[in-house]
Amino acid sequence: MVIGLMGSGKTTAGRLIGEALGLPLSDSDPYLVARHGGTAAQIAAREGAEALHRYEAEHVLHELEGEPKVIAAAASTVEDPQVRTALKQAFVVWLDAADEVLAERMRSSDHRPAFGPAEMRARREPYFREVADAVYDVGELRPEQVRDAVLRDLGSPAADQA
Ligand SMILES: Nc1ncnc2c1ncn2[C@@H]1O[C@H](COP(=O)(O)OP(=O)(O)OP(=O)(O)O)[C@@H](O)[C@H]1O
Ligand SMILES: O=C(O)C1=C[C@@H](O)[C@@H](O)[C@H](O)C1
Ligand SMILES: [Mg+2]
C-alpha cells in the first residue's frame, strides 16, 4: 500500500513495485474514473470534497479485501479511521518530500484538485506517521530507487534481482 501527499509519486512507484513483485496495481485515479465517472478534480467540483474522500476511502477498503496487490491510495484516505484500522494488515509505504517539491510535481497533471501541500500535511502527517511501516524521501530517491528500497524492506526475493 503506497501513501503520501498529492504528487509524491504513488502511481509512479506503485507501478514499478507491482511489476517487480508480479502483482497488479490498484490506483485510486483510474478507479474514480471507472466507478464514479470522473477525475478527482471533476468529482470535487461536481459533488464536493467530502464525497470525493468517501469514494477514495471506499477504494482502499474494497481493495484491501481479496487477492494480493499493490494499492496506490488517494492522499485523503489516511484521514478515515476505518482505513487506518484496515491498514494494520498491509505493508504501508509513505512517500514524502519537501512541500516545494510536491507543489511542483502536482503541476504534472490536471486530474488533481488544487489543495496545497502545506495545509494537507498539517492535517495528515500524524496519520501518515501512524500507519506507515517505512518512509522514503522522494526528493532524493528516483522512482526506481524507491522500488528497490521497498523490495529490500519487504524482504522480497525480487530485491535480489533489482
Ligand atoms: N521519485 C521521483 N522523483 C522525481 N519525480 C517523480 C518521482 N516520483 C514521481 N515523480 C513525478 O512526479 C509527478 C507526480 O507523480 P505521480 O503521478 O506518480 O504522483 P501521485 O502521488 O500518484 O499523485 P496523486 O496524488 O495525484 O495520485 C509525475 O510527473 C512523476 O513523473
Ligand atoms: O484531499 C486530497 O489531498 C486529495 C483528494 C483527491 O484529489 C485525491 O486524488 C488525492 O487524495 C488528493
Ligand atoms: Mg496517482
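Computation of the quantities below employed the complete heavy-atom set of this structure, encompassing side-chain atoms and omitting hydrogens, waters and symmetry-equivalent molecules. Just so it is clear, the model here is predicted, and its values are computed rather than measured.
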#### Entry: Working for side-chain contact (heavy atoms from CB on, under 4.5 Å), residues R121 and L5
CA-CA 7 Å; R121 176 185 303 284; L5 290 171; 3.8 Å; yes

### Message
Set out, in order, the CA-CA distance, both residues' side-chain angles and the distance that settles side-chain contact (heavy atoms from CB on, under 4.5 Å) for M1 and V93, then state yes or no.
### Response
CA-CA 6 Å; M1 167 91 180; V93 165; over 6 Å; no

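A97 approaches V138 most closely through the heavy-atom pair CB-CG2, 3.8 Å. Residues A73 and S28 share a closest heavy-atom pair of C-CB, 4.2 Å. A pairwise comparison of heavy atoms in L102 and S8 identifies CD2-CA, 3.6 Å as the closest pair. Residue A86 comes nearest to L64 through the heavy atom pair CB-CD1, 3.6 Å, listed as atom of the first residue, atom of the second, then distance. The two atoms that bring A57 and V83 nearest to each other are CB-CG2, 3.9 Å, heavy atoms only.
To the nearest 0.5 angstrom, L87 atom CG is 13.5 Å from Y127 atom OH. Here CZ of F128 is found 8.5 Å from CD of E79. Values are rounded to the nearest 0.5 Å. Between the CG atom of D137 and the CH2 atom of W94 there is a distance of 10.5 Å, given to the nearest 0.5 Å. Here the straight-line distance linking atom CZ of R35 with atom CD of E58 works out to 7.0 Å at 0.5 Å rounding. Distance CG/D99 to CE/M106: 10.5 Å, rounded to 0.5 Å. Here the CG atom belonging to L141 is positioned 9.5 Å from the CG atom belonging to D148, to the nearest 0.5 angstrom.
Cluster annotation: I3 and M6 are assigned to the same hydrophobic cluster (Ile/Leu/Val/Met/Phe/Trp/Tyr, side-chain heavy-atom contacts under 4.5 Å, transitive). When the side chains of ILVMFWY residues are joined at heavy-atom separations under 4.5 Å, either directly or via intervening members, L23 and L16 end up in two distinct hydrophobic clusters. Note on I43 and V33: separate hydrophobic clusters, where clusters join Ile, Leu, Val, Met, Phe, Trp and Tyr whose side-chain heavy atoms are under 4.5 Å apart, directly or indirectly.
Here the side chain of E104 pairs no donor or acceptor atom with the backbone of V101 at under 3.5 angstrom. Listed for the R147 side chain is no donor-acceptor partner under 3.5 Å among the backbone atoms of I17. When atom types are taken as modelled, the side chain of D133 and the backbone of V92 share a donor-acceptor pair closer than 3.5 angstrom. Between the K10 side chain and the L95 main chain, no donor and acceptor come within less than 3.5 Å of each other. K69 places no side-chain N or O within donor-acceptor distance of the main-chain N or O of G18, the cut-off being under 3.5 Å.
Environment of CD in Q89: crowded, with over 12 heavy atoms of neighbouring residues, nucleotides or ligands closer than 6.0 Å. Atom CD of Q82 is surrounded by 12 or fewer heavy atoms from other residues, nucleotides or ligands within 6.0 Å. Other residues, nucleotides and ligands contribute more than 12 heavy atoms inside 6.0 Å of the CZ atom of R46.
At least one side-chain heavy atom of S76 sits less than 4.5 Å from a side-chain heavy atom of R124. At least one side-chain heavy atom of H59 sits under 4.5 Å from a side-chain heavy atom of I71. Looking at heavy atoms from C-beta onward, V2 lies out of side-chain contact with V150 at the 4.5 angstrom threshold.
Between E125 and R129 there is a salt bridge, since a side-chain N of the basic residue sits under 4.0 Å from a carboxylate O of the acidic one.
Residues forming a side chain to side chain contact (heavy atoms under 4.5 Å, CB included) with A51 (at least two apart in sequence, or on another chain): E47, R54, Y55. Residues passing the side chain to side chain donor-acceptor pair (under 3.5 Å) test with E63, sequence neighbours excluded: S26. The side chain to side chain contact (heavy atoms under 4.5 Å, CB included) check on D27 picks up T11, L25, D29, P30, A72, with sequence neighbours excluded.
T77 and E56 form no side-chain donor-acceptor contact under 3.5 Å, judged by distance and modelled atom types alone.
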